[in-house]
Amino acid sequence: MKRWMLSRRTLLRGAGVALALPILEQMMPVARGATAGSPLRFLSVFCANGFIKDAYAPTGTGTTFSLGPSMQSLEPLKDDLLIISGLGKEGNKGGKCFQGATGHENGTGGFLTGIYGDGAAGTLDAGTVSVDQMIANAIGSETKFQSIQTQVLYTYATGRLNEHVSWAGDNTPLDNEQDPKALFDRIFGDYAAPDDAASQAAAAKLGRLEGSILDFVSADATELKGKLGRSDNLKLDEYLSAVRDLEKRLQAGGGSVTDSCNPVAPMATIDPQQTVKNMIDVIVLAMQCDSTRVATLMIENGLGNWVYDFLGVAGGHHDLSHHNGDETMKQGCRTIEKWELDQFAYLLQKMKDVKEADGTSLLDNTMVFLSSDVGDGMGHTAYDLPVILAGKAQGAVTTGRHVNLIGDDGYGFPCSNVPIGNLFISMLGAFGVAVDAVGPFSTGPLAELAG
Amino acid sequence: LLGALGVACSAEIPGKSGSEPGSVPGGESSAAVDCSGARDPGNVVMRRLTHSEYDKTVRDLLGDTSSPARVFPSGTNGSTGFDNEGAALSMSPLLFEKYSDSARTLVETFLASDKRSLVITCDLATEGEACADSSLSAFARRAFRRPVTDEEKQRLADLIRVAVVEGESLEMGVALAMRAILTSPKFLYRIEVDPDPRAVTPHALSGHELATRLSYFLWSSTPDDALLSAADAGDLNTLPAISTQVARMLSDAKAQGFVQDFTGQWLGLRALATLTRDATEYASFNDALKSSMETETQLFFGSFLNEDKSVTELLSANYSYVDSALAGLYGLVEVPSSGFAKVSFGDAPRLGLMTQASVLTASAKVNGTSPPKRGKWVLGQLLCSEPPPPPPNIPALVEEAVPTGSVRQKFEEHEKNTGCSGCHALMDPIGFAFENYDAIGAYRTVDDNGFDVDSSGVFPDGRTFSNAVELASDIASDPEFASCLTQRLFVYATGRRDTDADACALSDVLAAASEHGTTLGALVTALAESAPFTERRGEPE
């Protein structure tokens, strides 16, 4: 139990005025009830190796469409979805639809950035910040965690671009928590509030002692900054930013259990399916309790080669995605992709079941973005990416539709001229982040978001 | 062997104008280089400890073998293929929190254990703050790998006083200070200071910086007392002193850190931990066998550290280190009765690293072999000529439920497609030679599709081979192998990509080592003595 999560500064400052309210409630992050309406949230879900379109692609467009077999479990949630077909990395190229391919590193690094991650250098284009982090910078400051990053079914892949989708800067990937129980402890470990003056005082003292460590290491980093060169100083900035994050958390203090937020730790498990569900549960809980408003979930990592033996599929996911037309391998991919979308349905239903103080659902107040590193794993295609938005994002997204951007480009090739960066511009707009471009290929906002 | 590589194999990565298709991670230059002018030792950004280094460092500082980094976020590689690359070692809020949690657990455990006398060298109860201050100064020297300044001593003393003022024990104050040391950037990063951070004039590393480079290169851990003392005395910065230290360090058990971390990444052995095999086809494949595979390669590679044999024997050795499980997998006549033993392959079709089960498994798929994957591994890791990623819009090869040809025949389709032929003409023949080894490295004569294996092939220069043993023997005699290994060691040792400016240093290292039989020890020594290892420069704004 981390009872020390109280800032010595806050406590010292508040010592004389903590009269009306118990001290812990004073230090709660701004809660839903304190602002008008419910907060807006963002959640992205990464699936590896693309989707096989004959089972994934919806038929029909607009409000009259049918889900493909891979998406059957999303049928009850159809009115909460905006499926967009045909977005690609680059859009038009030389008067033709773009038909390029990409590596898994390029695709995963570009998942929330609209660029190609540079697999050879292991970085993103200079100045790149991923969409989730741009959103977090805009809306994350009021919560205890500005954002959280998670990843579940992990297989070793060389290259850090494959392991991260959330980037605070072009050389600063944000690490993923891979254990749902550890994530729970990190977010809710300080939720049991001390209930008497003696333990409050003890917690206050511990807070001051913990804070003195952070003061010490910050002073060390600041001292070094004066002695070192440019690249070293960037590393120290990363370090100091991480220290400040923990310090801010200490100052936010512990939360308290309420009717709408009663965190229960997930049961320990080694079962991969249960682990995925547990991670989803903790993410939803974190949003329900307003501990964070921005989260990313990678079901696998880029180049993921998880073996879904629990689905009866032989072979690793990435190996299968290079099926060379082998029907057994293709069917294995479809089975895996359906399972991934089953988990997505579980997530969305869970969010829909969470009712907020104003009567809306958590899903209504969230923009959920699901996609993959590539369109189709076999050819590493960087066009026709699978894109599903879910949740109305407080009206910014008109759901219950399939927007099909695929047309004949005049050369008989079914594709679209619309780069995914355009979608990112519009997604950011829903969070009040006004940008003209996301990545090098975008051409302007995607009007179809609001329908 | 592969003279035509640059011409034959290239592909464009869309949207990346200016990238160099076919360039090698850590890309070396093939152009003739003039080595007569001034040399640039390079600049490396301060390096955060890798997870492996963190675990080994707290083992050596505190005697703690709990491997705390096992719960850290997965550590990842940068562009060099090694996770100790300075530029790619980033810090996130999550990771810092893990460091913070780890420091608390480490210190609480340590102070409650009988190991506490490693740090607390006097009696806190009777000697008070003087004891606390001296213990912490000594601990900070070891943790920061250099002498501690008066200002740092004062700050540590101040931190202890915070606890005392709060009415806590001196013990609590010491615990706080130890935790602060273990979360300080001066501990978590390997810091090297230039006299002028913006000047590009080369200068020698300080003795302590050099001691730190040596210890993380060869031990993946913190300098021991001997290294720190040599640095304190100013005795480390001479070539004889370096070669003496390297010899001492390579014969120390801690050199296993180098063996594990270098082979784990150079040869891809780290992939084994999360890798699986189809249980019906490979019933004997389990965690124990995976562990045996890894141990074999580590013992084999480790035998080169102190033995007088050329690195070419890494590829041409007619022996290895196996246990009974591997002897069975390999069909060897000699079977160790217990544990691992050095055994001769005899007539078994094995030769060197390339036919070891570890690398054959790591470069295969869950349910079968992949000739291009194995070919790419050989080209990339052993010859530093990794082909670029596949081009756009690859057509499906064959759509057939029941194979009508061997795996080789299917992949030979690659070479008929003009977009694919350049690289696959290089990768695939090498991979075909290994078709005699299944996805866990067992020898076979029938492939995954049920067809006879044809393991013969031709190199681009016209030389032929009839099987993997001949191929391995050819590659062992290719000077590119020793040169590639030198480049990989350089990147691993310096924590940065090599550039054109390093070409002279690299060729000097190889030349110096060749005067001593190009042993692994000679290569490592020559690298440790080279300017890019012993010197550095600042970075212009």
Side-chain angles (χ1 to χ4, degrees), chain A residues 89-90 99-103 106 116 118 120-122 149 154-156 158-160 163 171-178 182 186 205 208-209 212-213 216-217 219-221 224 227-232 235-236 238-239 242-243 245-246 307 314-316 319 324-325 327-328 378-382, chain B residues 13-16 19 23 25 45-46 71 73-74 76-79 81 87-88 90-97 100 155 159 162-163 166 176 179-180 183-186 189 191 193-194 197-198 270-271 273-276 278 365-367 389-394 396-399 401 538-539 541:
Chain A
K89 189 70 77 183
E90 293 191 45
Q99 303 176 29
T102 185
N106 312 123
Y116 291 102
D118 187 340
Q149 289 74 33
Y154 176 77
T155 43
Y156 182 83
T158 57
R160 64 187 181 147
E163 304 205 356
N171 199 27
T172 308
L174 295 178
D175 290 310
N176 295 303
E177 181 57 78
Q178 294 168 303
R186 185 171 179 237
K205 185 201 281 182
R208 291 193 293 276
L209 295 174
S212 66
I213 294 179
F216 179 95
V217 301
D220 271 1
L224 287 170
K227 296 179 183 169
L228 301 176
R230 184 170 52 89
S231 297
D232 288 341
K235 293 287 176 197
L236 287 165
E238 266 180 24
Y239 175 88
V243 174
D245 201 80
L246 184 54
V307 179
D319 291 343
N324 289 338
E327 189 51 39
T328 307
M378 172 61 210
H380 284 176
T381 56
Chain B
I13 301 169
K16 271 288 164 198
S19 71
S23 67
V45 68
M46 60 189 229
V71 299
S74 55
T76 53
N77 299 316
S79 59
S90 50
M91 178 71 79
S92 66
L94 177 64
L95 182 57
F96 181 75
E97 197 170 328
S100 179
R155 283 229 299 276
L159 189 54
V162 169
E166 289 281 357
L176 273 188
R179 286 171 53 193
T183 39
S184 168
K186 295 169 181 174
Y189 295 84
I191 289 156
V193 182
D194 301 305
R198 285 168 297 278
R270 281 194 185 170
T274 55
L275 170 156
T276 53
D278 185 66
K365 299 185 296 179
V366 174
N367 49 359
N393 302 318
I394 309 157
L397 286 180
V398 209
E399 303 224 12
E539 188 189 19
E541 286 294 325

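Letters A, B, ... mirror the listed sequences (proteins, then strands); counts begin at 1. The figures here come from the full heavy-atom set of this structure, side chains too, leaving out hydrogens, waters and symmetry mates.
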Tell me, out of [options], who's got the most heavy-atom pairs with chain A below 4.5 Å.
options	result
B:Asn367, B:Thr276, B:Thr274	B:Thr274
B:Leu159, B:Val71, B:Asp194, B:Val193	B:Leu159
B:Lys186, B:Glu541, B:Arg198	B:Lys186

State, yes or no, whether a side-chain contact exists between [X] and [Y] at a heavy-atom distance under 4.5 Å.
X	Y	value
A:Asn176	B:Pro73	no
A:Arg160	B:Ser90	yes
A:Thr172	B:Ser92	no

A:Asp319: what forms a salt bridge (Lys or Arg N to Asp or Glu O under 4.0 Å) with it, not counting sequence neighbours?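 Residues passing salt bridge (Lys or Arg N to Asp or Glu O under 4.0 Å) with A:Asp319: B:Lys373.
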Looking at residues at least two apart in the chain, or sitting in another chain, which of them share a salt bridge (Lys or Arg N to Asp or Glu O under 4.0 Å) with B:Lys365?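 Per chain and number, B:Lys365 pairs via salt bridge (Lys or Arg N to Asp or Glu O under 4.0 Å) with no residue.
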Counting distance only, does the side-chain N/O of [X] pair as donor-acceptor with the main-chain N or O of [Y] below 3.5 Å?
X	Y	value
A:Lys235	B:Ala87	yes
A:Asp232	B:Met46	yes
A:Glu238	B:Met91	yes

Of the backbone (N, CA, C, O) and the side chain (C-beta and beyond), which part of A:Gln178 lies under 4.5 Å from a heavy atom of chain B, both, or neither? side chain
Tell me, for A:Leu224 versus chain B, whether the close heavy atoms (under 4.5 Å) come from the side chain, the backbone, both or neither. side chain
Chain A contact via [X] - side chain, backbone, both or neither, heavy atoms under 4.5 Å:
X	result
B:Leu176	both
B:Glu539	side chain
B:Arg270	both

Name the member of A:Ala219, A:Ala182, A:Ala242, A:Gly316 that forms the most heavy-atom pairs with chain B at distances under 4.5 Å. A:Ala242
Chain B: which of A:Ser231, A:Gly229, A:Ala382 shares the most heavy-atom pairs with it under 4.5 Å? A:Ser231
Grab the two heavy atoms, one from B:Pro185 and one from A:Tyr239, that are nearest each other, plus how far apart they are.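 Scanning both residues, the minimum pair turns out to be CD-OH, 3.1 Å.
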Non-hydrogen atoms of A:Leu246 and B:Ser100 that approach each other most closely: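 Heavy-atom minimum between the residues: CD2-OG, 3.9 Å.
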Intermediate values then yes/no, side-chain contact (heavy atoms from CB on, under 4.5 Å), A:Leu209 and B:Val162: CA-CA 7 Å; A:Leu209 295 174; B:Val162 169; 3.9 Å; yes
Working to the nearest 0.5 angstrom, can you tell me the gap between B:Ile191 CD1 and A:Leu236 CG?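 One gets 6.5 Å once the value is rounded to the nearest 0.5 Å.
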Under the side-chain contact (heavy atoms from CB on, under 4.5 Å) criterion, do A:Gln149 and B:Leu94 qualify, and how do the steps go? CA-CA 9 Å; A:Gln149 289 74 33; B:Leu94 177 64; over 6 Å; no
Should A:Asp245 and B:Phe96 be marked as a side-chain contact (heavy atoms from CB on, under 4.5 Å) after you check the CA-CA gap, both sets of side-chain angles, and the distance that decides it? CA-CA 9 Å; A:Asp245 201 80; B:Phe96 181 75; over 6 Å; no
Please test A:Tyr156 against B:Leu275 for side-chain contact (heavy atoms from CB on, under 4.5 Å), starting from the C-alpha separation and ending with a verdict. CA-CA 8 Å; A:Tyr156 182 83; B:Leu275 170 156; over 6 Å; no
